[in-house]
*Asks:* 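A single structure is presented below for examination.
Positions are given from 1 along the sequence.
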Amino acid sequence: MAEFISLWLSQNFPTTQRVFRHCVEAQHAQDAGAVAVIIINNVVLSNYVQMYSSTSSGVTIPMVFIPKKDGEMLAALVAQKPGTTLAITGPMARSTERWHNIVAWSSGGPTQDGRIKPDLMAPGESIFSAKPLTAAQAAPGGDTCQTTRMSGTSMATPLAAGAVTLLRQYFVDGYYPSGVKTASNATIPSAALLKAVLVNGATAMEGYESTGGPIEPPPSSRQGWGRINLAASVPLGAAGSRPDGIPSNFIAIDRLSTPFTADSQTYGVCLEVTGSTEELRATLAWTDPAPAVVSDGSLVNDLDLRLSHLAAGSSAIAQLWPLLGLEDRVNNVERAVWSEPDLGRYYVEVKAHSLQRGTQAYAIAVTGHMVHVASATTEEACLDQRTSSLPSPPPSPSPPPSPPPPPPSPSPPPSPSSPCVGDGVTLHAESGELTTSPGSYLDNALCTWTITPSDGTHSIRLQFTAFHTETNYDYVKIFSKPANGSGTLQPVATLTGSRIPTAIFSVDGGDSMVVRLTSDGSLTRAGFVANYETRTEVDFSPRPCVGEGVTLTADHGNLTNGPEFYPNNAYCTWVIVPSNSAHSIHLRFTAFDMEEYYDYVQIFSEPTNGSGTLQPVATLTGSRIPTAIFSVDGGD
C-alpha cells in the first residue's frame, strides 16, 4: 500500500471529546496505512489543540495539529499537486529571545469580517521607558530623568511609529534605490508604500504564547504579518558590503500618480532571480476608500497579487501564488514569500479585481537576490523563454533543401514542434474555429494563433465553447496586437482551469488578436475550442436586454435587464442623459442578483464635453443589493 498522510478538520467538541475523537480517528488512519496525521482546525480564532492522553492510545505515527489558514493552504496544495512531499520536523525549542514571544494580554484578531489583525507586531513588554524625577527625588542640581520598565501598547506603538519614521526618512533622504544617501534620489513615499515595505520585511515570530502554546505562523490572527524588522525591509550600504540578513536587492514601486482606473487592469514587474539562498518576497498594499457608513466593512476596491515563474532552461510557466481557491477578497495587503527560489524569471502582477469606487493607487515592495528586468513590462515578454537572458544554444546546421511544400491546409495536424492544431497560422477569414488538438494538448506546449482582420476597421470577437486546462499551471492568454506594427502585445485576458469562460473577448480598431497556450511539464487536459468572427462593430448583434442601447432623457424612470434571468454572454448598455445640463443623475438599485465575480454591472460617467472618455464610478457583482446611491454631476 502506498504511504499517505491523513488530513481532517477538527470540530469544536469539548477538549476531552475532541482528543478522544482524534485518537480514535488517528488509530483508524494508522490501521489503513497512514504514515502521519495532520489535524486542521476549522475555527480561525482557536489556538492549537494540545494532544494528550492519560492512557496509551496505540497510535505510533506522528499527529500534528495546524491552524485553519495553514490547513486550507496545505489541502489546496495537495489537491492541485498530488505528488507533493510533506515533511514533519520538531519539536521546536523555546526561543530565548523575548521578542519572539507574545504576552497573554496582547490583543489578537481577526476582525469580524475576517481581515488579518494586527498588521504588524512590535515589542511591548518590559521596555525601558523615560520617567521624570520629582524635585525631592532628584539630587540637588542633578538630572531629573531616569528610566523604568513599562509594558503595554504605549510601549509597542512608539517603537512602530519610530520604525515608520525612519523608513520614511530612508526615502526622503534618497537612500533608495542604492542604499547610500543620494540627494538626487529623494522621494516622498505614500502611506501604502510604507506599509508594503514594512509588511514585506516583517519577521516571523517563532516563539510561544504566555500560555505555553506556539504562535501561529504569519499571516495569522495573533502576529499579523510578523514583527517589524527594518534591517530585513530595506538595504543599507553599497551593494556587496551588506551583512547577512539585509536584502541583496530591493524594488519599491509607488503607483500613487498612476492608479488603476478600471477593472481587470494589470501592472507587472519582471524579475531575474540570480541566487537561491535568499527568500523572494513581494508585497502589495493599497489605501482602500472608506466604505459607506451602513455597510459590512468589506473592501471597496479589491486588488490581487500574483507570482508566476519560468524556471531557467524550461518553457513551463507555473503560478506560484495564490493557490486556486485561496484568492484574498478581504485584506488590503497581500504578500507572497518564496523560500529558496529557483534561478530564472519571475513575474509579479497586480490586477484590479474589482473597483467599486473611483481610481485605486497602490504600492509594491520586492526583496531578494534578483534584478529588475525593466524592459519586460508584460508577463508575455517576461516569461517567454525566447526573451530570457539565459544563453541561447548554438545554431544547428542548415538542413538540406526540401521539395516544394504541398498547398497549406486550414488545420495542420499537430507535431512535436507544433503540438496544436493551426499553431503559428495567421487567420484572415471573417469567421472560424480555434482548437488545441483532437485529444489532450502536450506537455511544455507553446502554441500561438493570430487572427488579423482583412479590413482595418473591423473588430474581432472570440467566444469559447469548450475549455479545460490544468488550473494555475497551464494557461490560455489573449492579447491585442496593434495594427500600427509596433509589435507590443497588450494583455486582454489570462484563463486557466476547467470553467468555460462566459465572456466574449474583443479586439477593436483593426488590431490583431493573439491567442497563446502554455503548459507545464505534467498533467495536460483536453484544451479548448473557440469560435471567432471579424466584422464592423455595428454588425455585431445586440445583446437581449430591455431598453439596451437606448438613450434615456426622462427626469426619472426604471432600468432593468428584463423580466427573466439575463442571458449568457450578455453585453448591454444604457445611457441616461439629463435634459438640463445643470442637473445631476442619481441611481439606486432596488433588486440585484448577479453571478459573483463572473457577471458585473459597471457604472460610468460620460463627460458632456464630448471627449467620449468614460470615467468609472462603480463595479458591482454578487447578490447583495447595493445600499449606496450612485451619482453623476455637472450635466454628465
*Asks:* Does Lys351 NZ have over 12 foreign heavy atoms under 6.0 Å away?
*Replies:* no

*Asks:* Answer yes or no: is there a side-chain heavy-atom contact under 4.5 Å between Gln223 and Ser220?
*Replies:* yes

*Asks:* Within a 6.0 Å radius of atom NZ on Lys131, are there more than 12 heavy atoms belonging to other residues, nucleotides or ligands?
*Replies:* no

*Asks:* Test His309 against every option in Trp338, Tyr346, Tyr473, Tyr347 by the ring-ring contact (aromatic ring centres under 6.0 Å, His included) rule and name the one that passes.
*Replies:* Tyr346

*Asks:* Can you confirm whether the side chains of Thr619 and Asp263 place a donor and an acceptor under 3.5 Å from each other?
*Replies:* yes

*Asks:* Does either side chain, that of Asp254 or that of Ser190, offer a donor lying less than 3.5 Å from an acceptor on the other one?
*Replies:* yes

*Asks:* Could you give the distance from CG (Leu307) to CG (Leu271), rounded to the nearest 0.5 Å?
*Replies:* 8.0 Å

*Asks:* Side-chain donor-acceptor contacts of residues 150-168 below 3.5 Å, not counting sequence neighbours, with atom names and distances?
*Replies:*
from   : atom 1 : to     : atom 2 : distance (Å)
Ser151 : OG     : Ser126 : N      : 2.7
Thr157 : OG1    : Thr153 : O      : 2.8
Thr165 : OG1    : Ala161 : O      : 2.8

*Asks:* Regarding Thr367 and Asn200, do their side chains bring together a donor and an acceptor under 3.5 Å, going by distance alone?
*Replies:* yes

*Asks:* Are Arg335 and Asp328 close enough for a salt bridge, meaning some N to O gap below 4.0 Å?
*Replies:* no

*Asks:* Looking at Glu334 and Leu305, would you say the former's side chain and the latter's main chain have a donor-acceptor pair under 3.5 Å?
*Replies:* yes

*Asks:* Is there a donor-acceptor contact under 3.5 Å linking the side chains of Ser248 and Glu278?
*Replies:* yes

*Asks:* Any salt bridge linking Glu379 with Arg306? Criterion: basic side-chain nitrogen under 4.0 Å from a carboxylate oxygen.
*Replies:* yes

*Asks:* Can you tell me how far the OG1 atom of Thr187 sits from the CG atom of Asp173, to the nearest 0.5 Å?
*Replies:* 12.0 Å

*Asks:* Grab the two heavy atoms, one from Ile116 and one from Asn331, that are nearest each other, plus how far apart they are.
*Replies:* N-OD1, 2.7 Å

*Asks:* Classify the ring geometry between Tyr176 and Phe250 as parallel (under 30°), tilted (30 to 60°) or perpendicular (over 60°).
*Replies:* perpendicular

*Asks:* Tell me yes or no: between the side chains of Tyr175 and Gln169, is some donor less than 3.5 Å from an acceptor?
*Replies:* no

